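What follows is a set of notes on a single structure, which appears directly below.
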Amino acid sequence: MIVLSRHAAISDDELEISAIRAQGAGGQHVNKSATAIHLRFDIRASSLPEYYKSRLLAASHHLITAEGVVIIKAQEYRSQEMNREAALKRLENLIRELTVEEKARRPTRPTLASKRRRLEGKAQRSATKALRGKVR
């Protein structure tokens with residue numbers, strides 16, 4: 001079970017986890033052991049609150065298909081259990097990342113002192129450049 005907050009959690013029966021053979025170079029066991037994990041999570045059929053569902057479905061992310069299914073393939077480790085934990089952690093991080101509320105930006109105005117400093121700097125640069133001219 002993945003607990004996202006007090007109101008949102010994903011139970012294990014909502015996740016479709018299957019073991020597959022990992023890609024890439026391997027040793028003697030490469031064609032025998034299925035250590036990679038293929039995790040599928042259907043957002044629409046989940047028990048997540050509507051807020052989470054709408055945020056996830058609206059997001060444009062390479063792990064979310066057009067049908068609203070999250071597909072994660074974990075094959076970093078040589079052990080199936082560690083890959084399973086990595087896939088679950090990646091799903092949790094994805095959901096947390098896509099459902100965070102961004103703080104609204106409040107426009108600010110420059111202070112009087114900063115305006116003065118800017119104008120003094122401009123005047124100083126202007127005077128320096130004026131001295132670079134031809135001597136008469």
Side-chain angles (χ1 to χ4, degrees):
M1 176 174 244
I2 300 174
V3 178
L4 301 167
S5 68
R6 287 187 298 169
H7 309 291
I10 301 171
S11 63
D12 292 336
D13 58 324
E14 293 179 24
L15 303 172
E16 187 181 314
I17 298 176
S18 56
I20 56 174
R21 285 194 293 234
Q23 293 177 324
Q28 295 173 329
H29 286 247
V30 71
N31 294 324
K32 294 191 289 184
S33 56
T35 56
I37 293 293
H38 197 255
L39 182 140
R40 294 175 65 86
F41 173 65
D42 190 359
I43 298 168
R44 288 188 173 97
S46 69
S47 63
L48 287 174
E50 258 329 292
Y51 167 75
Y52 282 83
K53 287 183 184 181
S54 61
R55 291 290 296 237
L56 289 171
L57 292 171
S60 173
H61 200 276
H62 70 280
L63 294 176
I64 303 174
T65 65
E67 295 80 35
V69 178
V70 178
I71 300 174
I72 295 175
K73 183 178 179 185
Q75 59 181 11
E76 302 91 58
Y77 303 103
R78 292 176 64 181
S79 129
Q80 190 181 93
E81 189 54 39
M82 287 180 73
N83 281 331
R84 184 179 183 281
E85 292 299 320
L88 292 173
K89 195 66 168 166
R90 280 170 53 191
L91 175 66
E92 181 180 350
N93 289 340
L94 173 76
I95 294 172
R96 286 186 193 281
E97 173 187 315
L98 294 179
T99 55
V100 71
E101 279 276 337
E102 296 214 3
K103 199 168 123 180
R105 184 191 176 278
R106 283 197 351 243
T108 57
R109 294 175 59 194
T111 62
L112 189 62
S114 69
K115 285 181 185 176
R116 278 202 188 114
R117 282 192 300 269
R118 188 182 118 260
L119 292 175
E120 285 169 6
K122 284 168 74 84
Q124 197 170 5
R125 278 189 301 279
S126 173
T128 303
K129 289 185 176 192
L131 291 173
R132 291 182 189 158
K134 287 188 177 180
V135 179
R136 295 180 193 202

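Hydrogens, waters and symmetry mates are skipped; everything else that's a heavy atom, side chains included, is used. Source: prediction; values computed, not measured.
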In one Ile/Leu/Val/Met/Phe/Trp/Tyr side-chain cluster, 4.5 Å: Tyr77, Ile17 = no
Trace of the side-chain contact (heavy atoms from CB on, under 4.5 Å) decision for Leu88 with Ile37 | CA-CA 10 Å; Leu88 292 173; Ile37 293 293; over 6 Å; no
Check: Ser18 main-chain N/O paired with Arg40 side-chain donor or acceptor under 3.5 Å = no
Is it possible for you to say whether Ile64 and Tyr51 belong to one hydrophobic cluster, with membership spreading through side-chain heavy-atom contacts below 4.5 Å?
-> yes
Where do Leu48 and Phe41 land on the side-chain contact (heavy atoms from CB on, under 4.5 Å) test, with the steps shown first?
-> CA-CA 11 Å; Leu48 287 174; Phe41 173 65; 3.9 Å; yes
Heavy-atom pair of closest approach, residues Ile43 and Lys53 | O-CE, 3.6 Å
Heavy atoms of Gln80 and Ala19 approach each other most closely as NE2-CB, 3.2 Å
Grab the two heavy atoms, one from Thr35 and one from Arg78, that are nearest each other, plus how far apart they are.
-> CG2-O, 3.2 Å
Roughly how far, to the nearest 0.5 Å, is the CD atom of Glu81 from the CZ atom of Arg84?
-> 5.5 Å
Could you go through the side-chain contact (heavy atoms from CB on, under 4.5 Å) check for Ile95 and Val70 one step at a time?
-> CA-CA 10 Å; Ile95 294 172; Val70 178; over 6 Å; no
Any chance you could measure Arg55, atom CZ, to Glu97, atom CD, to the nearest 0.5 Å?
-> 11.5 Å
Arg44: side chain to side chain donor-acceptor pair (under 3.5 Å) partners, not counting sequence neighbours = none
Quick one: are Lys73 and Arg90 in side-chain contact, heavy atoms under 4.5 Å?
-> no
Between CG of Asn93 and CD1 of Ile2, what distance do you get to the nearest 0.5 Å?
-> 9.5 Å
State yes or no: do Ile72 and Leu57 share one hydrophobic cluster built from I, L, V, M, F, W and Y residues joined by side-chain heavy-atom distances below 4.5 Å, directly or via other members?
-> yes
Apart from Val69 itself, which Ile, Leu, Val, Met, Phe, Trp or Tyr residues share its cluster (side-chain heavy atoms under 4.5 Å, direct or through members)?
-> Ile71
In a table with atom names and distances, give each donor-acceptor pair under 3.5 Å that connects a side chain of residues 123-131 to protein atoms at least two apart or in another chain.
from   : atom 1 : to     : atom 2 : distance (Å)
Arg125 : NH1    : Gly121 : O      : 3.4
Thr128 : OG1    : Gln124 : O      : 2.9

Apply salt bridge (Lys or Arg N to Asp or Glu O under 4.0 Å) to the pair Glu92 and Arg96, showing each step before the final yes or no.
-> CA-CA 6 Å; Glu92 181 180 350; Arg96 286 186 193 281; 2.9 Å; yes
